[in-house]
Amino acid sequence: MKTQLFFVLILALTLASCAGGGNESSQSESAPAEKETAAAPVDNKAAGEKIFRTYCITCHGIDGKLGLNGAKDLTVSEISMEERINQVTNGKGLMTPFKDILTEEQIQQVAEYTVSLKTN
Ligand code: HEC
């Protein structure tokens with residue numbers, strides 16, 4: 001029981017240290033730069049999926065396989081996290097650079113999400 005209590009405490013502290021807060025319910029166009037979503041990996045995945053559905057499916061498709069505008073099939077992509085982050089940040093070929101659209105954290109989240117597409 002003590003361990004459980006300890007965990008809850010840590011969780012509370014982690015959540016409290018996430019300055020932004022409340023971005024779960026009110027994620028909208030307003031000030032994406034102020035978002036802080038560094039909580040659990042699960043949250044990151046949900047956030048990454050949301051970003052992907054908003055910004056990436058136009059070329060990559062919901063499952064990453066669409067390949068419109070010469071986009072690569074993300075389900076077979078072998079590139080590293082670093083390369084993904086770099087490519088989403090700066091764009092490549094016909095792919096839009098997202099550095100002015102998404103925060104670094106959002107880019108990280110969506111890059112992680114693209115890795116999860118690969119295993120599906
Ligand atoms: C305008 C169309 C377009 C949009 C929107 C787009 N991409 Fe791409 N994406 C591309 C193209 C084209 C390539 C291939 C670029 C090349 O290698 O020349 C690519 C390649 C990639 C790759 C590299 C795959 C590999 O194995 O080389 C990743 C990762 C990626 N996109 C992720 C994303 C993410 C994440 C988003 C949303 C934030 C996104 N893309 C939005 C067109 C797009």
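Counting starts at 1 for both ligands and their atoms, following the listed order. Only a predicted model underlies this, so the values are computations on that prediction, with no experimental measurement involved.
Ligand 1 places these atoms under 4.0 Å from at least one heavy atom of R84: 29 (C). Residue T58 approaches ligand 1 through these ligand atoms, each under 4.0 Å from one of its heavy atoms: 5 (C). The G70 neighbourhood of ligand 1 comprises atoms 11 (C), 12 (C), 14 (C), with distances under 4.0 Å to a heavy atom of that residue. Taking a cut-off of under 4.0 Å to the non-hydrogen atoms of T114, the atoms of ligand 1 that pass are 35 (C). Close approach to L94 involves these atoms of ligand 1, each under 4.0 Å from a residue heavy atom: 1 (C), 12 (C). Residue-ligand proximity, N69 to ligand 1, at heavy-atom distances under 4.0 Å covers atoms 12 (C).
Checking side-chain atoms of E83 against main-chain N and O of S80 turns up a donor-acceptor pair under 3.5 Å.
Note on atom 8 (Fe) of ligand 1: protein N/O/S atoms under 2.8 Å are H60 NE2, M95 SD.
At a threshold of 4.5 Å between non-hydrogen side-chain atoms, the residues I51 and Q109 count as touching. At least one side-chain heavy atom of H60 sits less than 4.5 Å from a side-chain heavy atom of M95.
Contacts of Y113 with ligand 1, taken as heavy-atom pairs under 4.0 Å, are absent altogether.
One finds the OG1 atom of T96 at 11.5 Å from the OH atom of Y55 (value rounded to the nearest 0.5 Å). Note: L94 CG to L68 CG = 11.0 Å, rounded to the nearest 0.5 Å. Atom CD1 of I57 sits about 9.0 Å away from atom CG of L66, to the nearest 0.5 Å.
There is a path of hydrophobic side-chain contacts, each under 4.5 Å, that joins M81 to L102. Both F98 and V115 are assigned to one and the same hydrophobic cluster, defined by single-linkage of ILVMFWY side chains at heavy-atom distances under 4.5 Å.
The pair E49-R53 meets the salt-bridge criterion, since a charged nitrogen lies less than 4.0 angstrom from a carboxylate oxygen.
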Verdict with supporting geometry, E112 and Q108, side-chain hydrogen bond (donor to acceptor under 3.5 Å, both in side chains):
CA-CA 6 Å; E112 273 167 23; Q108 167 93 26; 2.8 Å; yes

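At least one N or O atom of S77 sits closer than 3.5 Å to an N or O atom of ligand 1.
Here the protein heavy atom with the shortest distance to atom 5 (C) of ligand 1 is Y55 O, 3.4 Å.
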